[in-house]
A.B. asks: 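Provided herewith is a single structure, encoded as structure tokens, for subsequent inquiry.
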Amino acid sequence: MIEHRNPHESVMQQATAVAHPNIALVKYWGKADAAQNLPAVGSLSITVEGLATTTTVRFDTALDADRFRLAGREEPAMARRVSACLDELRRRAGSSLHAAVESGNDFPTAAGLASSASGFAALVVAADAALGAGLPRPELAELARRASGSAPRSLYGGFVELALADSGRRTECRQLLEPAAWPLAVAVAVTARGPKAVGSTAGMLASERSSPYYAAWVASSPADLAAARAAVAARDFEALAAVSEASCLAMHGVMLATRPGLVYWNGTTVACIHLVRGLRAAGVPVFFTIDAGPQLKAVCPPAALARVRHELAAVPGVERVLEGRLGEGARVVAG
Ligand code: 2P0
């Protein structure tokens with residue numbers, strides 16, 4: 001935290017945080033309580049370094065309202081969510097100062113790359129540091145989760161579980177393995193740019209209302225989480241590949257059966273699925289996962305990354321391939 005005084009005697013408290021997106025291997029899709037943004041299922045993810053959100057929060061007595069800019073542009077819809085998140089933090093920290101928030105991503109936003117996860121993780125960490133509040137990480141995780149269900153997972157590095165607790169009335173986020181304990185790599189095949197047609201929140205609510213598979217999806221999640229937890233503990237790549245692809249495809253099954261159907265894939269996404277499965281059948285350790293967008297994420301050991309990257313880049317329709325490695329949780333970098 002840093003305090004500046006400008007010539008007009010306003011007081012500023014500023015900090016900057018970096019957070020990485022996370023990729024769920026066991027997916028979150030559905031809410032038990034929309035008002036509290038409480039997920040209906042737990043989830044298990046990897047935090048991916050190489051892609052990053054950087055956010056600076058400046059609390060300033062000279063401001064009469066919060067301001068939010070993403071890549072230098074005002075974003076009114078996101079600004080309301082940012083303000084609501086800051087309200088809760090201000091309440092807990094006993095502050096009434098408004099904030100100017102500047103955020104930027106070095107990867108495509110709103111295309112299934114979890115920009116809201118890294119965005120809200122960076123926001124709560126920067127705002128907490130700027131105010132000097134020192135809230136414990138589980139409390140920051142709860143604030144982030146209320147803003148975006150996937151965000152608490154980006155507060156932690158490596159393999160992370162967001163578990164349901166107290167019969168689903170709250171969540172607990174924890175690191176399962178540090179990045180260095182099983183340093184997997186990720187290749188993201190970007191198959192389309194631009195925002196997705198139906199955002200995650202609206203899509204989840206539609207699935208709950210109308211997908212005939214929704215109840216089965218919720219019921220099947222604990223077994224997938226247990227299998228993934230065991231695979232992570234044993235560093236069993238084959239087992240992790242099996243449960244991750246199963247969870248991803250089951251979630252997309254729920255989406256497809258929603259009325260009207262949610263089809264987040266394009267033809268290139270499907271071509272990439274077949275490519276990854278073909279590579280695995282040929283002995284290359286790699287599996288895929290896909291979120292609420294058309295990009296395919298391939299997970300593999302670092303030694304297989306160059307091959308996986310090369311093969312994905314050659315699929316017609318793949319615009320580019322981003323790469324990342326397992327990385328650390330959100331942290332303060334300046335302030
Ligand atoms: C996940 N997704 O587990 C799943 C898979 C998308 C598909 O978490 O409504 O944008 O703000 O809580 O945080 C999307 O999560 O949803 C998401 P909200 P959010 O990664």
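In each ligand, atom 1 is the first atom listed, and ligand 1 is the first ligand listed. Note that the structure is predicted; figures quoted are calculated from it, not measured.
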A.B. asks: Any side-chain donor-acceptor pair under 3.5 Å between Arg90 and Ser96?
C.D. replies: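 No, because no side-chain N or O of Arg90 sits under 3.5 Å from a partner of the opposite role on Ser96.
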
A.B. asks: For Arg81 and ligand 1, answer yes if some heavy atom of the residue is under 4.0 Å from a ligand atom, otherwise no.
C.D. replies: yes

A.B. asks: Check the side chains of Arg145 and Thr171 for a donor-acceptor pair under 3.5 angstrom, ignoring hydrogens and angles.
C.D. replies: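 Their side chains do contain a donor-acceptor pair, which is all the 3.5 Å distance test asks for.
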
A.B. asks: Would you call Ser116 a ligand 1 contact, heavy-atom distance under 4.0 Å?
C.D. replies: yes

A.B. asks: Between the side chains of Arg174 and Glu161, is the shortest nitrogen-to-carboxylate-oxygen separation below 4.0 Å, so that they form an ion pair?
C.D. replies: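 Yes, charged N to carboxylate O under 4.0 Å.
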
A.B. asks: Which is it for Asn37 and ligand 1 at heavy atoms under 4.0 Å: side chain, backbone, both or neither?
C.D. replies: side chain

A.B. asks: Using links of under 4.5 Å between side-chain heavy atoms of ILVMFWY residues, direct or through other members, which residues join Val263 in one cluster?
C.D. replies: Leu256

A.B. asks: Heavy-atom contacts under 4.0 Å between Arg146 and ligand 1: side chain, backbone, both, or neither?
C.D. replies: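 Under 4.0 Å from ligand 1, Arg146 contributes no heavy atoms.
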
A.B. asks: May I have all residue pairs that pass salt bridge (Lys or Arg N to Asp or Glu O under 4.0 Å) and include part of residues 239-254, sequence neighbours excluded?
C.D. replies: Glu245-Arg277, Glu245-Arg280

A.B. asks: Considering Arg153, Met255, His252, which one's heavy-atom position lies nearest to atom 1 (C) of ligand 1?
C.D. replies: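 The option holding the nearest heavy atom is Arg153.
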
A.B. asks: Should you measure from each heavy atom of Tyr28, which atoms of ligand 1 turn up under 4.0 Å away?
C.D. replies: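 Those atoms are 1 (C), 2 (N), 3 (O), 4 (C), 5 (C), 8 (O), 9 (O), 12 (O), 15 (O), 16 (O), 17 (C), 18 (P).
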
A.B. asks: Kindly identify the option in Ile23, Thr201, Leu205, Leu162 whose heavy atom sits closest to atom 9 (O) of ligand 1.
C.D. replies: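 Comparing heavy atoms across Ile23, Thr201, Leu205, Leu162, the nearest one to atom 9 (O) of ligand 1 lies in Thr201.
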
A.B. asks: Is it true that Lys27 and Ser221 share a donor-acceptor pair across their side chains at a distance under 3.5 Å?
C.D. replies: no

A.B. asks: Please list, in number order, the atoms of ligand 1 under 4.0 Å from a heavy atom of Ser150.
C.D. replies: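 Under 4.0 Å from Ser150, ligand 1 has these atoms: 8 (O), 13 (O), 15 (O), 19 (P).
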
A.B. asks: Considering the heavy atoms of Met204, write down every atom of ligand 1 situated less than 4.0 Å from one of them.
C.D. replies: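 Under 4.0 Å from Met204, ligand 1 has these atoms: 16 (O).
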
A.B. asks: Do Thr258 and Ser210 have side-chain atoms, one donor and one acceptor, less than 3.5 Å apart?
C.D. replies: no

A.B. asks: Under a 4.0 angstrom heavy-atom cut-off, which atoms of ligand 1 come close to Ala292?
C.D. replies: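 Result: 7 (C).
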
A.B. asks: Are Ala117 and ligand 1 in contact, using a heavy-atom cut-off of under 4.0 Å?
C.D. replies: no

A.B. asks: Test Glu102 against every option in Arg69, Arg58, Arg67 by the salt bridge (charged side-chain N to carboxylate O under 4.0 Å, His left out) rule and name the one that passes.
C.D. replies: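 Filter result, single survivor: Arg69.
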
A.B. asks: Decide whether the shortest distance between a heavy atom of Lys31 and an atom of ligand 1 is less than 4.0 Å.
C.D. replies: yes

